[in-house]
Amino acid sequence: MPNDQPPPDDAPKKYPNPREEDIMAGDRRISRPDSALPDWHIPDAVYRPIPIAWFAAAFLLQSIAMFAIFMLLISKSGYFTIAGAAIATGAIGAWTWDRGMKDAATGWKAATIVLLIVQFALVALTASSRL
C-alpha cells in the first residue's frame with residue numbers, strides 16, 4: 001500500500017502541536033512555536049493617529065476652502081467672503097479638534113490655531129478691499 005493515500009476516516013487525526021512545530025496553511029505559516037501568532041500579524045503595529053496628519057489635513061482643507069470661497073464670492077461684497085471664510089475656518093477647526101487634536105501636545109494645538117488664523121487673516125485682508 002503506497003504512503004500517499006489519505007488515512008481512513010476512522011483513523012485518529014494527528015494535529016500538530018503549536019508549541020513544538022510550525023502550523024502551515026499551504027505556503028503560509030499560521031502559527032509558530034515562539035509566539036503562536038500568524039506570520040502576518042504584528043501585535044505592536046496598530047494605527048496610531050499622529051497630530052501632523054491632522055495639522056496637514058486642516059492646512060490643505062482650509063487652503064482649498066479659502067480659495068473656493070474667495071473665487072465664488074469675488075463679485076460680492078467682502079463681508080460675504082469674510083463671513084464664509086470665518087464659518088469654514090470654524091468648521092475645519094472643530095473637525096480637526098474632533099479628529100483628535102484636542103488630545104495632542106500643546107505645540108500642535110498652538111500651531112494648528114495659528115495656521116487657521118493666518119490663512120483666514122490672509123483671505124479677510126484680501127477681501128477687505130471690497131468692503
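Computation of the quantities below employed the complete heavy-atom set of this structure, encompassing side-chain atoms and omitting hydrogens, waters and symmetry-equivalent molecules.
Distance CG/L122 to OG/S63: 10.0 Å, rounded to 0.5 Å.
Considering all non-hydrogen atoms of both residues, I74 and R130 come closest at O-NH1, 3.1 Å. A pairwise comparison of heavy atoms in K109 and A104 identifies CE-O, 3.2 Å as the closest pair. Between F120 and A86, the closest heavy-atom pair is CE1-N, 3.4 Å. M101 and W108 make their closest contact through SD-CB, 3.9 Å (heavy atoms, listed as atom of the first residue, atom of the second, distance). In terms of heavy-atom proximity, G93 sits nearest to L116 at CA-CD1, 3.7 Å. Here the shortest heavy-atom pairing between T89 and Q62 reads OG1-NE2, 2.9 Å.
Heavy-atom neighbours of L60 CG from other residues, nucleotides or ligands within 6.0 Å: above the threshold of 12. Under a cut-off of 6.0 angstrom, the local environment of CZ in F80 is sparse, with at most 12 non-hydrogen atoms contributed by other residues, nucleotides or ligands.
Using a 4.5 Å cut-off on side-chain heavy atoms (C-beta onward), R99 and W95 make contact.
The hydrophobic clustering, which links ILVMFWY residues whose side-chain heavy atoms are closer than 4.5 Å, places W54 and I113 together.
Each of I87, L125, L131 was checked for a side chain to side chain contact (heavy atoms under 4.5 Å, CB included) with I82, and the lone residue meeting it is L131.
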